[in-house]
Amino acid sequence: ENIIGQFGVGFYSVFMVADKVEVYSKSADPSKGDAHYWTSTGDGTYNIGKAEGVQRGTKIIMHLKEDEKNFSEKRHLEDIIDKYSN
């Protein structure tokens, strides 16, 4: 199966509620080099580059659309998780 393709389709669904997404990532292994970022507005283009001041791990920032701010509310997220989780 094409796991990357499945990830991409699921990941791009974020643009149903966000105008812009930023991803920052840095390996826990120092030999892997610099941290990097990826950013897109969901229009089919994106930017990738080296990032400064990034802690190890991955951080995803979603810039929610004005009419989708309820996705930043803890109770709303808990309701979604309860509804769709096994």
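Both backbone and side-chain heavy atoms feed into the values below; hydrogens, waters and symmetry mates do not.
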Is there side-chain contact between Trp38 and Glu22, with at least one heavy-atom pair below 4.5 Å?
no
If you measure from the Lys or Arg side-chain nitrogens to the Asp or Glu carboxylate oxygens, is any gap between Asp79 and Lys83 under 4.0 Å?
no
Interatomic distance, Leu77 atom CG to Asn70 atom CG [nearest 0.5 angstrom]:
8.5 Å
So, using side-chain hydrogen bond (donor to acceptor under 3.5 Å, both in side chains) as the criterion, who are the partners of Tyr37 when residues are at least two apart?
none
Flag the pair Lys59 / Val23 as yes when at least one side-chain heavy-atom distance between them is below 4.5 Å, and no otherwise.
no
If you compare all heavy atoms of Phe15 against all heavy atoms of Ser40, which two are closest, and at what distance to 0.1 Å?
CE2-O, 3.5 Å
Joint hydrophobic cluster, Met16 plus Ile81, side-chain heavy atoms closer than 4.5 Å
no
For Val54 and Lys26, work out which heavy atoms get closest and say how close.
O-CD, 3.2 Å
Is it the case that more than 12 heavy atoms not belonging to Lys69 sit under 6.0 Å from its NZ atom?
yes
Residue pair Ala18 / Lys65: nearest heavy atoms and the distance that separates them:
O-CE, 3.7 Å
If you take all heavy atoms of Val17 and Glu68, which pair is closest and at what distance?
O-CB, 3.6 Å
Does atom CD of Glu78 have more than 12 heavy-atom neighbours from other groups under 6.0 Å away?
yes
Working for side-chain hydrogen bond (donor to acceptor under 3.5 Å, both in side chains), residues Asp29 and Ser27:
CA-CA 5 Å; Asp29 181 348; Ser27 176; 5.3 Å; no
Which atom pair, heavy atoms only, marks the closest approach of Tyr24 to Ile61?
CE1-CD1, 4.0 Å
If you round to the nearest 0.5 Å, how far is NE2 of His36 from OG1 of Thr58?
12.5 Å
Measuring from Leu64:CG to Lys20:NZ, what's the distance to the nearest 0.5 Å?
13.5 Å
Taking all heavy atoms of Val21 and all of Ile60, pick out the closest pair and write down the distance.
CG1-CG2, 4.0 Å
